[in-house]
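First up is the structure itself, then whatever we jot down about it.
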There are 2 protein chains.
Amino acid sequence: MAGQHTLNETENEVVSRLGGLHLDYEAMAVTSNLFRAANAVRNHLERTVLAKSDLTWTAFVVLWVVWIWEPIETRGIAAEGGFSKATLSGVLTTLEGRGFLTRERSAADGRLVLVNLTPAGRRLMKKLFPEFNQEECNITRHITTSDLPQAAQILRDLIRATE
Amino acid sequence: MAGQHTLNETENEVVSRLGGLHLDYEAMAVTSNLFRAANAVRNHLERTVLAKSDLTWTAFVVLWVVWIWEPIETRGIAAEGGFSKATLSGVLTTLEGRGFLTRERSAADGRLVLVNLTPAGRRLMKKLFPEFNQEECNITRHITTSDLPQAAQILRDLIRATE
DNA sequence: CAATATTCGTTCGGGCCCGAATTATCGGCT
DNA sequence: AGCCGATAATTCGGGCCCGAACGAATATTG
């Protein structure tokens, strides 16, 4: 939310609108920056690495999860990727149509659907993931190395706080 | 991406798939957790605070930005909120239809559109924002207080890294 | 002052996103 | 065996999301 204006400018405006109501500005700063950071990183990676393969962020995450855990059930992909099964169904259809993965009903339990990468899907990930990680590197390089593990830990704390 | 499996399990799987290729797992952990955290916090706030007013996250951000800066141009809202003008156009139409804000062409520059809250929009934010901030508080409470400013700073570093 | 370039908001097309309803299957219980 | 509650995945409806293309208005340049 704190975009072209500084956080102080925003805070001053908020104070003037709410007339001294008690608010936690540090909490505001954390959630606000959390979203701006996530969106900024996502858009950056989509443009620099994913665009050339015409993949969205979510499609890439799905491919990555399947690549690591195949064969994996639909519910597992959704849990691992952090989106709903409804969302996943559509993305799977897209990726299946492009020939990157396959759906197959489980013989052991007729309710389950098992997902696997095709050879083309594996080739794509083998090429794409190192590039993706290199760019992740470039982005996080701006954080002091000693702070990196703490950054990951703080983010994990936030995840746990919503459970 | 690191969902029900631990990061170590995931890392082991990645190593076995890539056969010793050099990867930066700390960078992976940061971006992965960044997204899981952002989505978790967003979904949590949408369910606990925003759902009762039938507002999406983005709609709330738009109302918040307009509330603080009105009158504000369309391009300003998009920059401040961190989404594209194309996205904003649709959200503005939704919120205008619900009577929370108004669009008005600028007299000084015929290309600009100025956005203002309606009284109903201001009433909504005056009620909703303190509840929203309280929940932000509950979430960030799990971070050691002394780490809060550093958390915000690390996130700002990530934002800057993509510019 | 007219031709040109830039800036702004919107629209369009395709894809993601979720909750709720739906269909199919499984497991337990009688 | 037959029912019944639980569980899986999909579909559906409405909304968000972006880049590209568009048209209107302004700014710039010769």
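Because only heavy atoms are used, hydrogens play no part in the values below, and waters and symmetry mates are left out as well, while side chains stay in. Sequence lines set the chain letters: A, B, ... in the order given, protein chains first and strands last, and positions in each chain run from 1.
- Among C/dC18, D/dT10, C/dA24, the nucleotide with an atom closest to any side-chain atom of A/R111 is C/dA24.
- Here A/T74 lies in heavy-atom contact (under 4.0 Å) with sugar-phosphate atoms only.
- Nearest nucleotide to the B/L112 side chain, out of C/dT25, D/dG15, C/dG9: C/dG9.
- In this structure, A/R103 reaches the sugar-phosphate backbone alone: every heavy-atom distance under 4.0 Å involves primed, P, OP1 or OP2 atoms, never a base.
- Of the candidates C/dT10, D/dA9, D/dG19, D/dG19 carries the atom nearest the A/R47 side chain, counting heavy atoms from C-beta on.
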CA sep, side-chain torsions, deciding dist, call: B/W57, A/F35, ring pair (Phe, Tyr, Trp, His ring centres under 6.0 Å): CA-CA 11 Å; B/W57 174 270; A/F35 276 89; 4.3 Å; yes
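- A/T56 comes within 4.0 angstrom of sugar-phosphate atoms only, judged by non-hydrogen atoms across all strands, and of no base.
- Residue B/E73 places its side chain closer to C/dG9 than to any other of C/dG19, C/dG9, C/dC17.
- Listed nucleotides: D/dA25, D/dA8, D/dC17. Nearest to the side chain of A/K85: D/dA8.
- Listed for the B/N33 side chain is a donor-acceptor partner under 3.5 Å among the backbone atoms of B/A29.
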Audit row: B/R105, B/L112, side chain to side chain contact (heavy atoms under 4.5 Å, CB included) steps and yes/no: CA-CA 6 Å; B/R105 196 154 285 275; B/L112 300 177; over 6 Å; no
Verdict with supporting geometry, A/W64 and A/F132, ring pair (Phe, Tyr, Trp, His ring centres under 6.0 Å): CA-CA 11 Å; A/W64 186 78; A/F132 186 86; 8.7 Å; no
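- OP1 or OP2 of C/dC17 has not a single side-chain nitrogen or oxygen of A/T87 nearer than 4.0 Å.
- Distances were taken from every side-chain heavy atom of A/D109 (C-beta onward) to each of D/dT7, C/dC26, D/dC18; the shortest belongs to C/dC26.
- The residue B/R105 sits apart from the nucleic acid: no heavy atom pair falls under 4.0 Å.
- Classification of B/E135 and B/R47 as a salt-bridged pair fails, no side-chain N sitting under 4.0 Å from a carboxylate O.
- The 5' end of DNA chain C is approached more closely, in terms of each residue's nearest nucleotide, by A/R42 than by the other of A/A107 and A/R42.
- Across all strands shown, A/T94 has heavy atoms under 4.0 Å from sugar-phosphate atoms exclusively, and none from any base.
- In the set C/dT10, D/dC17, C/dA24, C/dT10 carries the atom at the smallest distance from any side-chain atom of B/S89.
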